[in-house]
Amino acid sequence: MSTFAQSIISGLGQGSAYAMLAVGFVIIFKSTGVISFAQPALMAAGATLVSYLVFQFGLGFPAAVAVGVLVLAGVGLGLERVALRPLVGRPVFVAAIVTLGLDTAIRAVTNRFIGPDLRPVGDPWGYDRLELGPLFLQHRYLAMIVTAAIVLAALFTFFRYSRVGLAMRATAFDQETSLAQGISVGAVFALSWALAAGLATLAGVFVAAGSGVSQGTWVVGLKALPAIVLGGLDSLPGAVVGGLAVGVVEALVQTYQPVHAPWLGGNFSLVAPYVLMLLVLLVRPYGLFGTPEIRRV
Amino acid sequence: MKRGATISGRPELRTSYRADMALLNSRPKRLGAGVILAAALAAPFLITDALLAIAALACAAAIGAIGLNLVSGYAGQVSLGHAFFIGAGAFTAAALTGDPGESVYGLGLQWIVAVPAAGLVAAVLGFLVSPIASRFRGLYLAIATLGLVFLGEHILDNWRSLTGGAGAGRRGVIAEIGGVRLDQPTEVAGLVLTTSQQLYLLALVLLVVLAVLARNLARSAVGRAFEAIRDRDIAAEVMGVRLGRHKMIAFTLSSFYAGVSGAVYYTVINQINPESFNLLLSVQFIAMVLIGGIATISGSIMGAFFITFLPRITRELPAIVPFLTAEPTLRDGALLTVFQLEAILYGVLIVGFLILEPRGLYGLWVRVRNYWKGWPFTY
């Protein structure tokens, strides 16, 4: 029983990082209709930048994270302006594939800065744990859960109560109408990219906390894809639920699969989210909370 | 005027649908195709073996790119799962031609049997995936096929008796036809052909045959149905195009091409590693299709040659550009290695082409052609 509970706790910790990434994907998808495959690369780039800020420029960890998030948000703004804005009006595939190209290019540049080894991000947590009776919770997971909760709560408040948030929701609902109401749709697009890139950086720092950022870190970012598909591409609560679910499933598979189903092969937990995603898609093609697309000729 | 008649001096006046849809419907096209084909056949005797080996790889890649273009360019079903089918074909062919005595599966069959079989196995996998894939539209499909690549990579990494396992791999496809080993120089009609020359010619013949087949398919009823589905699937359905059936045909055919491509590619390369069939490979094929030209067969070929020769071109750059190094690791204060530059170029080229010339290399060619057609007038 305690193994089970333990897996769930670790899963929720890891899942909260996925949730932050997934929320970034959903923000971009809702406002622009595009899935940004560049998120994983931005996540790795953000974590790498924080690592450089801490060790090369001597910033404290919290300051470095803040600067990293802001810089990456700026990068997100720039990418949207240069690469995505010219594609407004073209099929969404084209934009999605452009983000795939961006991902390849950003990752190559980031890998140049990461180098061959693990690069620590200078987090204060390491592998320290909090003992809770028979269970334990790593500090980094605790920090992750708390940060994710705060950030997501702030985001939801922002969308619900601020003027800009309202503009973003309006744009997500209907671009042309919101344009007619005087909303600058371009600014909304840019802001969504900035928000998503900032969230990706935050998630990247937490993913890299403990061990460090390496050339393989970006793969973690792709796990947000099963998460958003699980929750439904256009649902923010769905992204959070999906992210947590992916984290928990991954942790459970990691605990039980080597004992109970060794024939699935080593490291099956890494692909388990994709299996889960395909299964859910077969039953509910628009995810758990997604809006079914109404098609008109 | 009689249907199908031609008028001298008016080469572009076509009086029947048949003439309009012909493969090479004008004299310059016939001439150009003939010249390119002749040049391709003469190439083994004109360029070095090292370049020929890359050209053989490019031919193999072009087959795969045509396959991806059928499903993504013509039928509009964006697939990130192409690498999986390439891998399936490569390992099928390797297992069928492999030495029976080795630690991995090997049946010691002829190359001529193995390549179509590789295509068929991949096609069956594509057929099995298609009912699931045709449930999804648009970006959901892209993500679902992304899952397929990760699953496929996991299966290949763990199926040690077939693939040799992650990190180890197995020997590539052995090209043996009727007792003649093509990976050794052979004498044909008094002419000694080197390995690269033979493999290049083999790949070229396969490419030409499969390209003509694909081009023919594209101008048939099936091809038009593909394009109708891509442009507006509900309208196509209303007009009587059976969506499920045509998506199934597109996926199966595309996987067949991928399987053959994988088999030929790893005939030229001697070693197959299961971890090569990852997302990056899929992205490379997407890059070929996009850079070459969406929904054009000749574009797929151009794109494949361009992407395959790209590493060869970037390797020449350190001599010209001071901050590059050809070494695998950064040394002497170099800013980038050629491998890093290559990865950056893939990305930048995809983005650049999509924004500036969505029709790809084929579109560039159309621009040049139209300029000279109208010369000295602008249009």
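In what follows, chains are A, B, ... by sequence order, proteins preceding strands, each numbered from 1.
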Distance (rounded to the nearest 0.5 Å) between B/Ser72 OG and A/Ile97 CD1: 7.0 Å
A/Ile228 side, atom CD1; B/Tyr140 side, atom OH - distance, nearest 0.5 Å: 8.0 Å
More than 12 heavy atoms of other groups within 6.0 Å of A/Tyr52 OH: yes
Contact winner vs chain B - A/Leu87, A/Leu281, A/Thr99, heavy-atom pairs under 4.5 Å: A/Leu281
Side chain, backbone, both or neither of B/Ile155 within contact of chain A (heavy atoms, under 4.5 Å): neither
Whether B/Phe150 and A/Tyr274 hold their rings parallel, tilted or perpendicular, with breakpoints at 30° and 60°: parallel
Shortest non-hydrogen contact from B/Val351 toward A/Ala83: CG1-CB, 4.0 Å
Gap separating the CE atom of A/Met277 from the CG atom of B/Leu151, nearest 0.5 angstrom: 8.0 Å
Chain A contact via B/Ile286 - side chain, backbone, both or neither, heavy atoms under 4.5 Å: side chain
Chi angles and distances behind the side chain to side chain contact (heavy atoms under 4.5 Å, CB included) call for A/Val219, B/Leu279: CA-CA 10 Å; A/Val219 180; B/Leu279 185 62; over 6 Å; no
Nearest-0.5 Å distance that lies between atom NE2 in B/His154 and atom CG in A/Leu270: 8.5 Å
B/Ile143 side, atom CD1; A/Leu233 side, atom CG - distance, nearest 0.5 Å: 5.0 Å
Over all atoms of both residues, closest heavy-atom pair of A/Ala108 and B/Ile344: CB-CG1, 3.4 Å
Closest contact, heavy atoms only, B/Leu139 versus A/Ala96: CD2-CB, 3.6 Å
Which atoms of B/Leu80 approach chain A - backbone, side chain, both or neither, heavy atom under 4.5 Å: side chain
Approximate separation, where rounding is to 0.5 Å, of B/Gln340 CD and A/Thr110 OG1: 10.5 Å
Over 12 foreign heavy atoms within 6.0 Å of CZ, A/Arg81: no
Whether over 12 other heavy atoms sit under 6.0 Å from A/Glu176 CD: no
Heavy-atom proximity to chain B below 4.5 Å, by part of A/Asp103: neither
Flag, side chain of A/Arg112 to backbone of B/Thr337, donor-acceptor distance under 3.5 Å: no
Shortest non-hydrogen separation from B/Leu146 to A/Leu225 and the atoms involved: CD2-CD1, 3.1 Å
Structural part of A/Phe268 lying under 4.5 Å from a heavy atom of chain B: both
Note, A/Val98 side chain near B/Ile350 side chain (heavy atom, < 4.5 Å): no
